[in-house]
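In what follows, residues are counted from 1 in the order of the sequence shown.
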Amino acid sequence: MATIARQIAAWALILAWGLGLSGTARAADSLVHVKDFQADARTAAKRQVPVLVVFTTPHCPYCERVKHDYLIPMHKDPAYRKRVIIREVTIGTTDPMTDFDGTPTTEGAFAAAHKVFMVPTVQVFDTQGNGVGDPIVGLLIPDFYFGYLENAIDAGVSKVRGK
């Protein structure tokens with residue numbers, strides 16, 4: 001009987017965790033959704049930092065984990081604000097946005113133009129909208145994911161600052 005109670009308790013914890021992932025994030029606990037990459041690029045050029053874009057879909061638990069375990073803490077950290085601008089793009093949507101070159105487009109079209117079909121995908125861009133390095137596709141190995149992000153940001157900073 002005790003074994004069944006423990007199994008029920010374990011399943012309840014798993015269910016609660018899963019429901020927590022699908023809940024609506026508070027504004028302070030979310031990323032900035034792209035609206036205008038051209039404006040972001042101007043800001044990035046002034047600060048001499050790259051633009052990191054995470055491509056996501058709704059109800060993707062891996063996307064939520066990447067955002068909440070890595071990118072939102074980076075976004076909130078003043079040290080990272082000096083190194084990178086972080087934006088989110090939802091693939092497959094028709095939400096309007098402006099591309100790096102000023103062209104009106106949608107988030108879905110932007111993702112498709114960059115051949116993003118799997119989520120989460122993280123890509124770092126220079127201030128001209130050119131991808132820097134290879135995208136990080138999937139969650140990969142969680143123990144090393146922060147290192148992958150750091151390497152991608154460092155490559156972007158080097159490219160933008162001409163180092």
Fill in the blank from the handout: Sorted by chain and residue number, the side-chain contact (heavy atoms from CB on, under 4.5 Å) partners of P96 (sequence neighbours excluded) come out as none
Practice task
Any chance you could measure T106, atom OG1, to D99, atom CG, to the nearest 0.5 Å?
Solution key: 10.0 Å
Problem - Contact check, side chains of L71 and L52, non-hydrogen atoms, under 4.5 Å - result: yes
Exercise for the section: Please tell me if the side chains of L139 and R65 come closer than 4.5 Å, counting only heavy atoms from C-beta onward. Expected result: yes
Handout entry: Audit row: V32, H75, side-chain contact (heavy atoms from CB on, under 4.5 Å) steps and yes/no
Key = CA-CA 9 Å; V32 176; H75 181 68; 3.8 Å; yes
Practice task
List, by chain and number, the other hydrophobic cluster members for F37, where Ile, Leu, Val, Met, Phe, Trp and Tyr join if side-chain heavy atoms come within less than 4.5 Å, directly or indirectly.
Solution key: V34, V49, V51, V53, F55, I85, V89, I91, M97, F100, F110, V116, V119, F125
Handout entry: Spatial distance of atom CD1 (I86) from atom OH (Y80) [nearest 0.5 Å]
Key = 8.5 Å
Practice task
Would you mind listing every salt bridge (Lys or Arg N to Asp or Glu O under 4.0 Å) that reaches into residues 83-96, with sequence neighbours excluded?
Solution key: D40-R87, K67-E88, R83-E150, R83-D154
Completion exercise
For M118, the hydrophobic cluster (side chain heavy atoms closer than 4.5 Å, chained through members) also holds V137
Problem - Pairwise salt bridge (Lys or Arg N to Asp or Glu O under 4.0 Å) hits with a residue in residues 119-138, at least two apart - result: D126-K159
Exercise for the section: Could you list all the salt bridge (Lys or Arg N to Asp or Glu O under 4.0 Å) pairs where at least one residue sits in residues 103-114, not counting sequence neighbours? Expected result: none
Problem - With A39 via side-chain contact (heavy atoms from CB on, under 4.5 Å) - residues at least two apart - result: D36, R42
Practice task
Look up atom OG in S30 and atom CD in E64, then write down how far apart they are to the nearest 0.5 Å.
Solution key: 10.0 Å
Practice task
Quick one: closest heavy-atom pair of L149 and V122, and the distance?
Solution key: CD2-CG1, 3.9 Å
Handout entry: For N151, all residues meeting side-chain contact (heavy atoms from CB on, under 4.5 Å), sequence neighbours excluded
Key = none
Exercise for the section: Please report the closest heavy-atom contact between P120 and C63, naming both atoms and the distance. Expected result: N-SG, 3.8 Å
Exercise for the section: Identify, with sequence neighbours excluded, every residue that meets side-chain contact (heavy atoms from CB on, under 4.5 Å) alongside Y148. Expected result: I136, L140, I141, F144, Y145
Exercise for the section: Is it possible for you to say whether V84 and V157 belong to one hydrophobic cluster, with membership spreading through side-chain heavy-atom contacts below 4.5 Å? Expected result: yes
Exercise for the section: Might you point out which heavy atoms bring V124 and G156 nearest each other, and give the distance in Å? Expected result: CG1-CA, 3.9 Å
Completion exercise
Those residues at least two apart in sequence (or on a different chain) that pass side-chain hydrogen bond (donor to acceptor under 3.5 Å, both in side chains) with T93 are none
Exercise for the section: Can you measure from CD1 (I72) to CE (M74) and round to the nearest 0.5 angstrom? Expected result: 12.0 Å
Handout entry: Contacts of type salt bridge (Lys or Arg N to Asp or Glu O under 4.0 Å), residue D101, not counting sequence neighbours
Key = none
Practice task
Determine whether Y70 and P142 make a side-chain contact, defined as any pair of heavy atoms from C-beta on separated by less than 4.5 Å.
Solution key: yes
